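Written below as structure tokens is the structure these notes are about.
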There are 2 protein chains.
Amino acid sequence: MSSTVAKALSLLDYFSDSEPEIGLSELARRSGVDKATVHRMLAVMCDHGLLEKRGDARLYRLGAGVLRLARVRETAFPVSSVFQQSLEALSAQIGETAHASLISGRALATIGVCEASRGSRVSLVAGEILPFHSTASGLAVLAFSRPELVDRLLAEPLAARTSRTPTDAEVIRARLQEVRLTGYAEADQTNEDDVYGIAMPVFDTDGTATGAIAVAVPAHRMTNDLRRQIIAALFAEAETLNAGIGGRPPATFRAAVARFGAA
Amino acid sequence: MSSTVAKALSLLDYFSDSEPEIGLSELARRSGVDKATVHRMLAVMCDHGLLEKRGDARLYRLGAGVLRLARVRETAFPVSSVFQQSLEALSAQIGETAHASLISGRALATIGVCEASRGSRVSLVAGEILPFHSTASGLAVLAFSRPELVDRLLAEPLAARTSRTPTDAEVIRARLQEVRLTGYAEADQTNEDDVYGIAMPVFDTDGTATGAIAVAVPAHRMTNDLRRQIIAALFAEAETLNAGIGGRPPATFRAAVARFGAA
DNA sequence: ACCAATGGTGACAATAATGAACCGATGGGA
DNA sequence: TCCCATCGGTTCATTATTGTCACCATTGGT
């Protein structure tokens with residue numbers, strides 16, 4: 001299960017907005033791989049432009065290659081830019097931080113963030129890899145994904161990100177069932193303390209979830225009224241978003257939308 | 001010399017704007033690696049979100065992971081967005097296609113394109129990996145790079161992209177010397193037939209070239225007058241661009257600018 | 001019905017990855 | 001000033017990973 005390429009690629013996961021440059025030893029420590037090995041992998045990735053080391057300092061950072069790759073994907077299948085618009089609309093309407101993420105292998109990749117303008121807001125460490133089981137976005141996506149993906153993900157041990165994180169697979173399956181009924185997922189400090197997230201899935205042309213949009217609020221500020229407001233905004237934005245990327249919500253989701261509209 | 005990670009990563013190079021989705025056998029054929037091996041690598045890269053296979057078809061395409069990586073790099077070191085502005089200005093002023101590229105390992109990665117609005121224009125296959133020795137951008141960058149990089153690149157065999165491509169290392173070194181004097185590089189159908197390119201380097205904080213901006217014109221339409229016009233525009237745009245990304249042109253380049261201004 | 005592709009899988013020999021020890025440089029503290 | 005810790009980077013024998021090849025199951029064109 002531990003191919004060399006996998007180890008090399010997982011090094012990329014450590015780069016995020018909060019830590020865009022990392023040193024050799026640091027990466028070795030985090031990944032638990034030997035320094036020599038990490039060094040060799042980094043050299044190869046530099047050779048291919050995925051990484052580069054800043055001239056003066058001895059730190060590694062993401063290279064120009066990733067810009068090219070993203071450009072290619074974005075011109076062929078534009079989604080990132082479409083998401084960004086929705087995020088801005090959401091953030092402006094609710095006055096809280098909104099973010100979007102897409103399925104990226106066995107986790108979620110944050111591909112857009114729009115912070116609220118107000119002072120006390122959730123300033124999430126963007127660009128990070130999000131686990132499926134502890135985030136509202138993860139649950140929202142998982143609830144409308146292929147069962148095989150759910151099984152594969154829940155088979156692995158689930159890390160407790162906070163004291164409230166559900167780590168039992170069966171508990172999560174039950175929550176997914178709820179999400180399928182309501183059409184949205186909530187995460188009350190299960191991924192980060194003091195952060196309450198509400199997320200809604202976004203779909204592909206074939207009716208499976210590909211990502212999610214979400215609003216994150218400081219937990220102490222969340223009220224029932226704000227909840228309803230956010231959920232309504234998410235439903236509206238999800239619809240325009242699905243239209244924008246050619247997503248077709250499955251019947252189960254459309255039923256949830258109808259139930260919410262009737263209430 | 002052929003690490004597995006290198007082979008895996010080089011698979012990514014085959015994805016471009018003209019071919020955003022590729023099948024297993026096709027990739028195996030192009031890379032010259034066995035099908036089984038390629039399959040294993042693709043599986044790993046899918047697992048990490050660098051690639052993904054479209055639900056219905058059996059084709060692989062770049063995954064959401066690359067969007068995240070690009071976002072991280074771009075928020076930490078914004079260059080792509082700055083370049084795009086310059087490209088639009090250039091293209092509008094000259095009326096021809098402009099593009100930008102950055103050093104990405106042992107090649108150039110196109111990170112931005114702005115096509116001219118007129119009918120007959122150079123519509124380059126964007127998002128591709130560009131060789132250093134056959135493109136104006138490559139020569140422009142190489143002329144102001146560290147000698148070690150030049151040596152490393154010219155040590156390898158140079159592919160003839162067209163009948164005019166210089167493949168002799170010494171010939172190229174001579175051209176680099178010219179570029180150092182003039183401050184810009186020209187490529188008359190050395191990378192693609194009927195395409196005449198003029199490029200100018202863009203610098204890093206430490207005075208080494210990191211990329212280039214270029215204008216591509218259908219070769220039959222190039223005139224001496226247009227040449228001068230393009231070069232002047234490139235000089236102007238390169239200056240604002242260097243200011244925008246904090247680049248510091250070295251003395252050799254500043255001297256070239258002065259010589260051009262005096263003429 | 002055929003044939004030639006395609007995507008995908010399994011087992012074994014060969015190769016490439018591994019990690020401990022080591023080096024020189026740097027920098028901070030006592 | 002000396003010392004020690006840490007850094008990036010390198011070397012080399014051991015061993016686990018990889019590449020090869022042979023084989024399926026499907027698909028689509030003739």
Side-chain angles (χ1 to χ4, degrees), chain A residues 1-15 19-63 105-106 146 148-149 151-152 204 206 208, chain B residues 1-15 19-63 105-106 146 148-149 151-152 204 206 208:
Chain A
M1 248 313 261
S2 58
S3 80
T4 16
V5 208
K7 281 179 216 154
L9 292 185
S10 68
L11 292 179
L12 294 175
D13 294 349
Y14 296 101
F15 293 89
E19 216 164 1
E21 293 184 304
I22 315 184
L24 168 60
S25 297
E26 183 67 20
L27 275 172
R29 211 174 304 118
R30 296 240 191 120
S31 61
V33 183
D34 192 88
K35 232 184 353 177
T37 306
V38 171
H39 181 257
R40 221 161 359 92
M41 297 185 199
L42 290 179
V44 173
M45 293 174 111
C46 282
D47 235 45
H48 279 259
L50 248 84
L51 292 177
E52 63 189 23
K53 45 179 167 181
R54 220 178 41 182
D56 49 351
R58 302 256 179 77
L59 295 173
Y60 292 85
R61 69 176 184 192
L62 293 169
R106 1 183 112 253
R146 297 194 195 78
E148 35 177 292
L149 177 64
D151 293 341
R152 230 182 49 206
D204 206 342
D206 60 354
T208 58
Chain B
M1 246 311 261
S2 59
S3 78
T4 4
V5 205
K7 281 178 211 154
L9 292 185
S10 68
L11 292 179
L12 294 175
D13 293 349
Y14 296 102
F15 294 88
E19 216 164 1
E21 294 184 305
I22 314 183
L24 169 59
S25 297
E26 184 67 21
L27 275 171
R29 212 175 303 120
R30 297 240 191 120
S31 61
V33 183
D34 192 87
K35 230 184 357 177
T37 307
V38 172
H39 182 256
R40 252 206 308 252
M41 296 184 200
L42 290 179
V44 173
M45 294 174 111
C46 282
D47 236 45
H48 278 260
L50 247 83
L51 292 176
E52 64 190 21
K53 47 178 163 183
R54 218 178 40 183
D56 48 352
R58 301 254 178 78
L59 296 173
Y60 293 84
R61 68 174 184 195
L62 293 169
R106 2 182 109 254
R146 297 193 194 81
E148 36 177 293
L149 176 65
D151 293 340
R152 231 182 49 207
D204 206 344
D206 59 355
T208 58

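Since the structure is predicted, the reported quantities are computational estimates derived from the model, not experimental observations. Chain naming here is simple, since letters A, B, ... match the order of the sequence lines and numbering starts at 1 in each.
When the P atom of D/dG19 is taken as reference, atom CG of B/Leu11 falls 10 Å away, rounded to whole Å.
For A/Lys35 against D/dG9, a side-chain N or O and a base N or O form a donor-acceptor pair under 3.5 Å.
Here C/dG10 is the nucleotide among C/dA17, C/dG10, C/dG7 with the atom lying nearest to any side-chain atom of B/Ala36.
The residue among A/Gly23 and A/Lys7 whose nearest nucleotide of DNA chain D is located toward the 5' end is A/Gly23. Nearest-nucleotide assignment on DNA chain D puts the 5′-proximal partner with A/Glu26, out of A/Glu26 and B/Val33. A residue-by-residue look at B/Arg29 and B/His39 shows that B/Arg29 has its nearest nucleotide of DNA chain C further toward the 5' end.
Contact between the side-chain N/O atoms of A/Ser25 and the OP1/OP2 oxygens of D/dG8 is found at a separation under 4.0 Å. Dashed line: the shortest gap from a side-chain N or O of A/Arg40 to OP1 or OP2 of C/dT18 is under 4.0 Å. The side chain of A/Lys53 places an N or O atom within less than 4.0 Å of a non-bridging phosphate oxygen (OP1 or OP2) of D/dG9. Between B/Thr4 and the phosphate of C/dA17, there is a side-chain N or O to OP1/OP2 separation shorter than 4.0 Å. Close to C/dT6, at under 4.0 Å from its OP1 or OP2, lies no side-chain N or O of B/Tyr60. A close approach under 4.0 Å does not occur between any side-chain nitrogen or oxygen of B/Thr37 and OP1 or OP2 of D/dT18.
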Side chains of residues 32-47 of chain A: which donor-acceptor pairs under 3.5 Å do they make with residues two or more places apart or in other chains?
residue	atom	partner	partner atom	Å
A/Asp34	OD2	A/Ala36	N	2.9
A/Asp47	OD2	B/Arg106	NE	2.6
A/Asp47	OD2	B/Arg106	NH2	3.3

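Of the charged side-chain nitrogens involved, at least one lies within less than 4.0 Å of a carboxylate oxygen, so that B/Asp206 and B/Arg146 count as a salt-bridged pair.
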